[in-house]
Number of protein chains: 2
Amino acid sequence: MAAGHEIDELDLNIIRILQQDARRPFQEIARDLSVSGGTVHVRYNKLRELGIIKGSRIIVDMQMLGFEVCAFVGINLHNARDYNIVVQKLKDFDEIIEVHSTTGAYNFFIKVVAKNTRGLHNFLTDRLQEMPEIQSTETFISLDLPVDREIPIDKNQIIGYA
Amino acid sequence: MAAGHEIDELDLNIIRILQQDARRPFQEIARDLSVSGGTVHVRYNKLRELGIIKGSRIIVDMQMLGFEVCAFVGINLHNARDYNIVVQKLKDFDEIIEVHSTTGAYNFFIKVVAKNTRGLHNFLTDRLQEMPEIQSTETFISLDLPVDREIPIDKNQIIGYA
DNA sequence: GCTGAAACAGTCTCCCC
DNA sequence: GGGGAGACTGTTTCAGC
């Protein structure tokens with residue numbers, strides 16, 4: 001990390017709090033951490049500029065929004081050099097919310113949401129498997145998500161951490 | 001959905017905006033959507049009470065926080081009825097940020113972060129594969145994440161949506 | 001169910017230490 | 001680099017429609 005941008009325990013505490021609740025007022029955070037609101041603000045801006053904090057999102061209930069099904073799909077290409085073409089095409093499918101390029105048995109690993117199993121089936125057969133670059137796919141439907149949490153930052157495993 | 005709690009286009013627009021930036025002031029949202037700040041506030045409270053909005057998180061740069069490696073691990077159990085025991089044990093590993101129970105070739109599919117490949121290797125061999133309930137694992141290291149986005153809610157696929 | 005106003009609280013900047 | 005003051009802005013409640 002660039003000189004003069006070391007991350008300290010205060011930064012980590014701010015991140016830790018905002019990982020639980022991104023809308024938490026800086027003043028409240030300041031009180032919890034026994035610093036002034038201005039300090040929290042300055043640190044937050046620094047973390048955003050450094051790119052450590054990339055943004056924020058509300059967490060929505062997928063099922064209540066009508067997406068009953070979540071699945072992972074392993075994708076094999078005929079030709080690994082179609083990488084960029086395939087990424088571009090995958091981006092155009094709204095159902096796909098993550099595309100990972102992976103080592104191991106698949107070229108890509110994608111996370112997909114669908115309204116129901118029929119929607120997933122249509123997506124897989126009519127759209128994904130129609131792509132000429134794709135050789136084969138394997139689907140894993142997520143039936144339950146017993147653990148879903150943020151990356152732990154308590155461990156001081158920080159680059160540039162003093 | 002319970003009567004009297006229909007979700008309308010205004011609710012969806014509020015969700016859509018907050019999915020991009022959870023810290024966006026309600027007043028700004030109100031101006032964008034040509035309603036009063038009070039209305040946005042009431043709608044937000046309703047969506048939280050209904051559980052459609054479950055919370056919010058900042059998005060942090062995993063790599064800058066010292067987690068260089070992200071991987072998916074498919075897990076097979078000797079005995080599917082060890083489900084609960086295994087979930088409990090997996091919860092205790094800080095490296096594991098998602099545990100999915102899946103159909104297909106694996107009983108579980110987990111998402112793991114680690115400091116580096118050595119950390120991942122230690123986790124897999126010394127800790128995960130030491131669990132007696134686990135028969136086998138298969139690891140897919142995520143080398144790149146070209147797509148990472150929120151579930152689309154533009155499509156009116158909402159339960160109870162008028 | 002929404003608006004607009006009013007009281008309260010938080011943001012954000014800046015100057016001083 | 002942090003604290004505190006101050007102007008600005010947002011939050012939250014509520015009477016009135």
Side-chain angles (χ1 to χ4, degrees), chain A residues 1-60 64-65 153 156 158-162, chain B residues 1-61 64-66 153 156 158-162:
Chain A
M1 193 169 297
H5 287 303
E6 237 86 296
I7 302 303
D8 69 9
E9 193 59 40
L10 178 58
D11 295 312
L12 295 182
N13 279 324
I14 292 168
I15 293 171
R16 209 170 289 148
I17 289 168
L18 290 172
Q19 271 185 316
Q20 304 308 313
D21 177 9
R23 284 194 77 86
R24 191 99 181 261
F26 293 166
Q27 293 280 9
E28 268 185 48
I29 296 172
R31 282 193 290 273
D32 289 352
L33 300 177
S34 306
V35 291
S36 74
T39 299
V40 173
H41 189 251
V42 168
R43 295 304 189 99
Y44 177 81
N45 286 345
K46 183 187 72 174
L47 291 166
R48 287 234 48 165
E49 271 161 36
L50 286 173
I52 291 176
I53 295 176
K54 295 199 279 191
S56 60
R57 299 170 171 173
I58 51 169
I59 306 161
V60 299
M64 290 190 90
L65 286 173
I153 56 162
N156 301 347
I158 311 302
I159 297 174
Y161 182 77
Chain B
M1 191 168 297
H5 286 302
E6 239 84 294
I7 301 303
D8 68 10
E9 193 59 40
L10 177 58
D11 295 310
L12 296 182
N13 278 324
I14 292 169
I15 293 171
R16 208 171 291 147
I17 289 168
L18 290 172
Q19 272 185 316
Q20 304 308 312
D21 177 8
R23 284 196 76 88
R24 192 100 181 261
F26 292 164
Q27 292 281 8
E28 268 185 45
I29 296 172
R31 282 195 289 273
D32 288 353
L33 301 177
S34 306
V35 290
S36 76
T39 300
V40 173
H41 189 249
V42 167
R43 296 303 189 97
Y44 177 80
N45 286 344
K46 182 189 72 174
L47 291 166
R48 287 236 48 168
E49 272 160 35
L50 286 173
I52 292 176
I53 295 176
K54 297 201 278 191
S56 60
R57 299 170 171 171
I58 51 169
I59 306 160
V60 299
D61 188 299
M64 291 190 90
L65 285 173
I153 54 161
N156 302 348
I158 311 303
I159 296 174
Y161 182 78

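Below, read A as the first sequence line, B as the second, and so on, with proteins coming before strands; counting in each chain starts at 1.
Distance check, rounded to the nearest 0.5 Å: CD1 of A/Ile14 to OG1 of A/Thr39 gives 8.5 Å.
Backbone-only engagement by A/Val35 is indicated by non-hydrogen atom pairs under 4.0 Å involving sugar-phosphate atoms exclusively.
Rounded to an integer number of Å, the gap from CG of B/Asp11 to P of C/dG1 is 10 Å. With rounding to whole Å, B/Lys46 atom NZ is found 19 Å from D/dT13 atom C1'. Going from atom CZ of B/Arg24 over to atom P of C/dT11 covers 17 Å, rounded to whole Å. Look at OH on A/Tyr44: it is 11 Å from P on C/dT11, rounded to the nearest Å. Atom C1' of nucleotide C/dC12 and atom CD of A/Glu49 are separated by 14 Å, given to the nearest angstrom. For the pair A/Ile17 CD1 and C/dG10 P, the interatomic distance rounds to 14 Å; values are reported in whole Å. In this structure, CD1 of A/Ile7 is placed 11 Å from P of D/dG1, rounded to the nearest angstrom. Here the C1' atom of nucleotide C/dC12 and the CG atom of A/Asn45 are 8 Å apart, to the nearest Å.
The side chain of B/Leu10 sits closest to C/dC2 out of D/dG4, C/dC12, C/dC2. Comparing D/dT13, C/dT3, C/dC12 by their nearest atom to the side chain of A/His41 picks out C/dC12.
By the side-chain contact (heavy atoms from CB on, under 4.5 Å) test, A/Asn13 pairs with A/Glu9, A/Arg16, A/Leu33, sequence neighbours left out.
Ranked by how close their nearest DNA chain D nucleotide is to the 5' end, A/Arg23 and A/Arg43 are led by A/Arg43.
When all heavy atoms of B/Asp61 and A/Lys54 are compared, the closest pair comes out as CA-CE, 3.8 Å. Scanning both residues, B/Ile15 and A/Ile58, for their nearest heavy atoms gives O-CD1, 3.8 Å.
In terms of modelled atom types and a separation under 3.5 Å, the side chain of A/Asp11 and the main chain of A/Asp8 share a donor-acceptor contact.
Remark: A/Ser36 is not in phosphate contact with D/dG4, judged by side-chain N or O atoms under 4.0 Å from OP1 or OP2. For C/dT3, the OP1/OP2 oxygens have a side-chain nitrogen or oxygen of B/Thr39 closer than 4.0 Å.
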Donor-acceptor pairs under 3.5 angstrom involving side-chain atoms of residues 17-26 of chain B: please list them, not counting sequence neighbours.
from: B/Gln19; atom 1: NE2; to: B/Ile151; atom 2: O; distance (Å): 3.3
from: B/Asp21; atom 1: OD1; to: A/Ser56; atom 2: OG; distance (Å): 3.3
from: B/Asp21; atom 1: OD1; to: B/Arg23; atom 2: N; distance (Å): 3.0
from: B/Arg23; atom 1: NH1; to: A/Ala22; atom 2: O; distance (Å): 2.6
from: B/Arg23; atom 1: NH1; to: A/Arg24; atom 2: O; distance (Å): 3.2
from: B/Arg24; atom 1: NE; to: B/Glu28; atom 2: OE1; distance (Å): 2.9
from: B/Arg24; atom 1: NH2; to: B/Asp32; atom 2: OD2; distance (Å): 2.6

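If you check residues 27-34 of chain A against DNA chain C, the residues with a heavy atom closer than 4.0 Å are A/Gln27, A/Arg31, listed by number.
For the pair B/Val35 and B/Ile29, the minimum side-chain heavy-atom distance is 4.5 Å or more.
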